[in-house]
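For ligands, and for the atoms within them, numbers begin at 1 and follow the listed sequence.
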Amino acid sequence: MSDAHRAYRDELLQHGLLISMGVDGLYGRSPVFEQIVGGIDHAFSRAAGADGAETMRFPPGIGKAQLEQSGYLKSSPQLVGTVHSFMGLDRDHRAMIETLEKGGDWTAGQKTTQVALTPATCYAVYPVMAARGPLAEAGGLVDVRGYCFRHEPSIDPARLQMFRQREHVRLGTEAQALDFRALWIERAQTIIGSFGLPFEVDVANDPFFGRTGKLLATSQREDALKFELLVPITSNEAPTACASFNYHRDLFGRTWGVRTAAGEVAHTACVGFGLERITLALLKHHGFVPAKWPAKVRDALGL
Ligand code: ATP
Ligand code: ZN
């Protein structure tokens, strides 16, 4: 498996689609790569067309306090990234440079800032929506897109440390959240099918940490809270999750204090497309030159 990962990564680097930055899971992207990402984004927007989602764009960070409140530190501490910075005096600075020059751990004197790296694009949305007060009768629907960080270094080009998600986030009643998710499970299959990619949809779980994590993962599967759309990229036996469809029940509603128009705790759901993973799937199945892709696929991507 890891041979197939390395081989595909090397091919992408050789063709200049990814640009090495010297760290596994951290790459630059070529204009062709970005054009494909733009195409996927376009197809997503087109499918969502008349839904009337409110667009929000956030930087790739959330407040450290928001990360703490989200519960992510409990479920997935191994993936978290926090931003640290130097906050010392001249003397501390000299000591830091000395340590650096000796090859020591110059980061020891760094302190955490108020910023953490975004683990999932929808995390910025819940506190913003909660702060507005009760939702309207129709609930809330938010369109987000941005970079996420997850500390999972890998030579698999589909497992990046910094990658983009395009998401729609639904907040409202249980029925509104579930209807939204069902709609997107169908839509996503139409979109990915229009890209000429093979896929399957399956129930899934988040990579929860530790022993309690195993229990959380089992009950998440039993309750069918998470579905994934999987596309074979480097392996047919272990296809890659390219989109996910998540129903959080009232977890985020309770966590953030999001209320429905009727004053109940809101239920939430999100659909997330992995923009790099779908790009990598397209490059794998149709070749490295989008100009030579089937006309129908180019059309679906608006290329
Ligand atoms: P996996 O099980 O592969 O770790 P996940 O279940 O953690 O993925 P989600 O949290 O559901 O993924 O994220 C939504 C989408 O973001 C995924 O379906 C995938 O397309 C993309 N994604 C997740 N992790 C990565 C990553 N490390 N590199 C690139 N894309 C990713
Ligand atoms: Zn989400």
Got the closest protein heavy atom to atom 19 (C) of ligand 1, with its distance?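 That would be Ala241 O, 3.3 Å.
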Per-atom contacts, ligand 1 versus [X] - under 4.0 Å to a heavy atom:
X: Leu160; value: 26 (C), 27 (N), 28 (N), 29 (C)
X: Lys226; value: 6 (O), 9 (P), 10 (O), 11 (O)
X: Cys242; value: 18 (O), 20 (O)
X: Arg150; value: 5 (P), 7 (O), 9 (P), 10 (O), 12 (O), 13 (O), 23 (C), 24 (N)

Where is the tightest heavy-atom contact between Ser20 and Tyr27, given as atom of each residue plus distance?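 Taking every non-hydrogen atom into account, CA-CD2, 4.4 Å.
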Closest heavy-atom contact between Gly140 and Arg170?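 Heavy atoms of Gly140 and Arg170 come nearest at O-NH1, 3.0 Å.
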Nearest heavy atom to [atom] wins, so pick from [options].
atom: atom 22 (N) of ligand 1; options: Phe208, Phe273, Phe163, Phe245; value: Phe163
atom: atom 15 (C) of ligand 1; options: Arg159, His151, Gln165; value: Gln165
atom: atom 2 (O) of ligand 1; options: Met162, Glu228, Arg277, Glu152; value: Glu228
atom: atom 29 (C) of ligand 1; options: Ala158, Gly274, Ser154; value: Ala158

Parallel, tilted or perpendicular: which fits the ring planes of Trp184 and Phe44, with parallel below 30° and perpendicular above 60°?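 If you compare the ring of Trp184 with that of Phe44, the planes turn out parallel.
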In terms of the angle between their ring planes, are Phe149 and His151 parallel, tilted or perpendicular, with boundaries placed at 30° and 60°?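 Rings of Phe149 and His151: parallel, as their planes differ by under 30°.
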Could you check whether any side-chain N or O of Thr279 sits under 3.5 Å from a backbone N or O of Leu275, counting only pairs where one atom can act as donor and the other as acceptor?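 Pair found, side chain donor or acceptor close to backbone of Leu275.
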Give a yes/no on ligand 1: does Ala120 have at least one heavy atom closer than 4.0 angstrom to it? no
In the structure I gave you, are the side-chain heavy atoms of Trp293 and Leu282 within less than 4.5 Å of one another anywhere? yes
Can you tell me which N/O/S atom of Glu167 has the shortest distance to the Zn ion (ligand 2)?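 Going through the N, O and S atoms of Glu167 one by one, OE1 ends up nearest to the Zn ion (ligand 2).
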May I ask you to check whether Phe86 and Trp106 place their ring centers less than 6.0 Å from one another? no
Rounded at 0.5 Å granularity, tell me how far CG in Leu197 sits from SG in Cys242.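 Leu197 CG to Cys242 SG: 7.5 Å, rounded to 0.5 Å.
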